[in-house]
Protein chains: 2
Amino acid sequence: MKRVSIKDVAKKAGVSASTVSYVLNRTPTETISPETTKRVMDAVEKLGYVPNLNARSLASKYSNLIGVLIPQTEPGKEFMFSNPFYGELLSAIEYTARQNGYHLLLSGTQEDQSYMGIAQNRDLDGIIIVGTYPGENLYQLKRLGVPIVLVDSYVKDKDFYTVGIDDRKGARLATDYLIKKGHKKIAFISGSIRENGVNIKRWEGYCDAMKEAGLSINEDAIYSGNVDYNYGLIAAKQYIDRGKNQTAAFITADVISIGVLKGLIQHGVNVPEDFSIVSFDGVYLARMSYPSLTTVSQDIAGKGKRAVQLILDATGNKEKSYTDCVLPLRLVERDSVRELRCE
Amino acid sequence: MKRVSIKDVAKKAGVSASTVSYVLNRTPTETISPETTKRVMDAVEKLGYVPNLNARSLASKYSNLIGVLIPQTEPGKEFMFSNPFYGELLSAIEYTARQNGYHLLLSGTQEDQSYMGIAQNRDLDGIIIVGTYPGENLYQLKRLGVPIVLVDSYVKDKDFYTVGIDDRKGARLATDYLIKKGHKKIAFISGSIRENGVNIKRWEGYCDAMKEAGLSINEDAIYSGNVDYNYGLIAAKQYIDRGKNQTAAFITADVISIGVLKGLIQHGVNVPEDFSIVSFDGVYLARMSYPSLTTVSQDIAGKGKRAVQLILDATGNKEKSYTDCVLPLRLVERDSVRELRCE
DNA sequence: TCTAGTTACTGAAACGTTTAAGTAATAATT
DNA sequence: AATTATTACTTAAACGTTTCAGTAACTAGA
């Protein structure tokens with residue numbers, strides 16, 4: 001299966017290989033006559049020539065490839081996407097990249113693992129890392145000298161671009177909403193609360209709101225586990241076991257909320273009649289459930305788009321603008337919250 | 001940002017570049033002494049050398065890259081993954097690939113678009129194409145001479161490997177189940193019914209079951225649209241508008257079912273009390289809903305795994321075994337079906 | 001008319017690997 | 001002791017591009 005190379009095109013067009021390259025890349029410093037251009041393009045067409053991007057990237061240090069690292073949420077398990085948020089984000093990244101002639105090199109990551117092998121390998125033009133934490137495996141990547149975009153990370157380092165949201169404010173928005181609706185005993189249900197992670201920010205936002213409203217935060221109102229459906233089931237069970245001491249919850253991810261919803265119903269607790277939920281993310285799932293979820297909705301598509309654009313801009317040598325990108329949030333009211341009348 | 005190359009390692013270890021290459025690739029025909037091996041490995045370690053896979057693949061025609069093409073379900077829209085099935089499948093593919101030292105080159109596809117540009121570019125070791133239809137853009141790819149795995153396609157061509165399920169049998173399984181539960185008027189709700197697609201097979205399976213049971217298929221029991229949540233809402237509305245003439249439905253995708261579920265509830269039709277649903281796929285979503293869905297469940301993880309393995313085996317020159325891979329199905333009983341007592 | 005500039009190319013090195021073929025030293029066979 | 005094998009390497013070509021540094025022909029300026 002002989003592949004057609006630039007030399008074949010050159011021969012057919014009766015020019016040198018470099019001329020073909022110049023024609024194809026419209027290098028602005030070179031001047032090629034219209035007739036030659038046409039002859040080359042005809043040959044390209046006729047032979048069905050597609051440049052080999054491996055060779056191009058080897059020669060030019062420019063690969064049209066963006067690496068995307070998404071955490072493997074359950075180590076050892078097959079499903080990287082136990083949270084649909086990742087799928088939607090990836091989808092937006094892929095779409096934007098493709099619109100701009102880029103492709104994606106996708107890899108799941110475990111935290112203990114070096115990112116280097118994945119990243120150094122192929123002269124990537126940029127790397128998008130989702131939800132990572134500070135650590136050596138991350139800082140190593142700086143050596144590559146390519147733009148790196150951190151999505152949803154609280155890593156403080158000027159060498160990285162970031163795309164995120166104001167998690168603290170968002171959590172506050174959610175909690176305030178419940179308070180406004182008359183709730184006083186509000187649970188906090190989230191994934192694991194780790195330093196420099198999004199959940200700790202959301203926890204802070206929750207505390208902000210509670211404190212400002214003069215409400216106390218009881219130990220037994222705090223639930224923390226994995227960010228997945230199963231944990232939602234577990235949290236619901238715990239809520240029952242602990243004695244149903246809250247009338248509402250702020251839940252930091254829609255997937256968890258869906259699990260909680262299911263768990264509660266199984267135990268005869270109805271949402272929103274008996275229990276109100278405001279959650280976070282705004283994935284598609286949030287509108288699919290019954291009742292649908294009132295949630296702090298992120299612009300997930302915007303997040304992916306921005307991440308790619310930051311890399312494109314950085315590659316195109318534009319000034320490092322928007323180096324930290326904070327996207328807006330809005331609370332979407334749906335059906336999972338009941339207004340509590342004052343007793 | 002000087003990258004360290006094989007020559008740097010060679011110099012440091014006091015050997016030639018080819019020796020380093022031989023050490024690293026454990027080429028079986030070459031013999032390298034233990035001492036040299038150690039010296040090279042030490043140098044690699046010390047310099048933090050990682051081979052450039054672009055160069056490797058240029059020289060060796062072997063890239064450790066698998067291309068994955070997933071249909072962009074809604075052209076022009078950002079979400080390639082409007083059906084969570086794709087996310088789960090991709091996830092399994094990624095995991096298996098990574099376990100074997102491969103990475104994924106991901107691209108969404110529109111049907112009218114040539115696959116060539118995406119695929120020829122980078123000396124892929126194999127290509128996995130999800131849910132495609134016969135067409136020139138597909139057959140062109142044969143020229144590349146790399147193994148191609150078609151997932152969920154009814155393309156008859158011995159040059160492709162396939163991984164799929166028996167859609168017809170699965171649909172029959174679903175419909176039979178409803179019939180066994182006493183239903184006689186059973187709707188068929190699916191994505192667009194196209195030649196050589198999965199939906200036409202599922203339609204056939206539905207017909208098989210109905211015919212065998214001596215049940216008639218009414219025009220107004222057939223619903224066809226997109227494979228997404230929104231279409232489910234629409235179908236539910238149509239069901240109401242057409243006069244609620246069925247007691248149950250076989251729905252060909254869980255996402256659609258979720259939409260139908262929601263649409264019905266909004267119109268006061270309860271599942272399973274007033275209407276029963278058996279659907280297809282077995283995505284996570286199916287257990288998350290309320291009521292959870294009785295569904296014909298595929299081994300999605302197995303599908304992804306098999307697809308990757310077929311490529312690995314083909315690359316490793318093993319005999320073309322399992323060239324057509326049909327994975328098992330099973331009906332998972334959950335809460336969306338009610339038994340109809342005979343009247 | 002001579003020099004300097006411009007236009008439209010070409011030649012060849014370079015990118016970082018792999019791998020076929022070659023070589024020198026030592027070991028085994030006759 | 002001479003020949004053949006084996007071991008442990010090295011050399012150099014090749015993979016398919018890009019791009020720097022020419023170069024030849026023509027044009028413009030003095």
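Note: hydrogens, waters and symmetry copies are ignored here, and every other heavy atom, side chains too, is used. Sequence lines set the chain letters: A, B, ... in the order given, protein chains first and strands last, and positions in each chain run from 1.
- When the side-chain nitrogen and oxygen atoms of B:Thr36 are compared with OP1 and OP2 of D:dC9, one or more of them lie within a distance under 4.0 Å.
- A straight line from CG of B:Asn52 to P of C:dA14 spans 18 Å, rounded to a whole angstrom.
- Phosphate contact (OP1/OP2 of D:dT17, side-chain N/O of A:Tyr49, threshold under 4.0 Å): present.
- Note on B:Arg56: a side-chain N or O is less than 4.0 Å away from OP1 or OP2 of C:dT18.
- Heavy atoms of B:Asn54 sit nowhere under 4.0 angstrom from any nucleic acid atom.
- With hydrogens and angles left out, the side-chain atoms of B:Ser21 and B:Ser18 include no donor and acceptor closer than 3.5 Å.
- Of the side-chain N and O atoms in B:Thr19, one or more sit less than 4.0 angstrom from OP1 or OP2 of D:dT10.
- The residue among B:Ala17 and A:Ile6 whose nearest nucleotide of DNA chain D lies closer to the 5′ end is B:Ala17.
- Side-chain nitrogen and oxygen atoms of A:Arg3 include at least one within less than 4.0 Å of the OP1 or OP2 phosphate oxygen of D:dG16.
- Between the CD1 atom of A:Ile32 and the C1' atom of C:dT10 there is a distance of 10 Å, given to the nearest Å.
- Residue A:Ser16 has a polar side-chain atom (N or O) positioned under 4.0 Å from OP1 or OP2 of C:dT10.
- Across the protein-nucleic acid pair, B:Asp123 atom CG and C:dT17 atom P stand 16 Å apart, rounded to whole Å.
- Within 6.0 Å of atom OH in A:Tyr62, 12 or fewer heavy atoms from other residues, nucleotides or ligands are found, so the atom counts as exposed in its surroundings.
- In this entry the distance linking CD of B:Glu30 with C1' of C:dT19 reads 9 Å, nearest Å.
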Audit row: B:Asp324, B:Thr162, side-chain hydrogen bond (donor to acceptor under 3.5 Å, both in side chains) steps and yes/no: CA-CA 5 Å; B:Asp324 287 294; B:Thr162 68; 2.4 Å; yes
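- Rounded to whole Å, atom C1' of D:dA12 lies 12 Å from atom NZ of B:Lys7.
- The separation between A:Asn25 atom CG and D:dG16 atom P is 17 Å, rounded to whole Å.
- A donor-acceptor contact under 3.5 angstrom links the side-chain atoms of B:Ser18 to the base of D:dT11.
- Of all non-hydrogen atoms in B:Pro147 and B:Tyr161, the two that sit nearest each other are CB-CE1, 4.0 Å.
- Across the protein-nucleic acid pair, A:Tyr62 atom OH and D:dT17 atom C1' stand 13 Å apart, rounded to whole Å.
- At the phosphate of D:dT7, neither OP1 nor OP2 sits under 4.0 Å from any side-chain N or O atom of B:Ser33.
- Rounding to whole angstrom units, CD of residue A:Glu35 and P of C:dT7 are separated by 15 Å.
- Of the side-chain N and O atoms in B:Ser60, none sit less than 4.0 angstrom from OP1 or OP2 of D:dC15.
- Counting heavy atoms from C-beta outward, B:Ile127 and B:Ile66 have side chains that stay 4.5 Å or more apart.
- Residue contacts shown for A:Tyr22 include a base, since a base heavy atom lies under 4.0 Å away.
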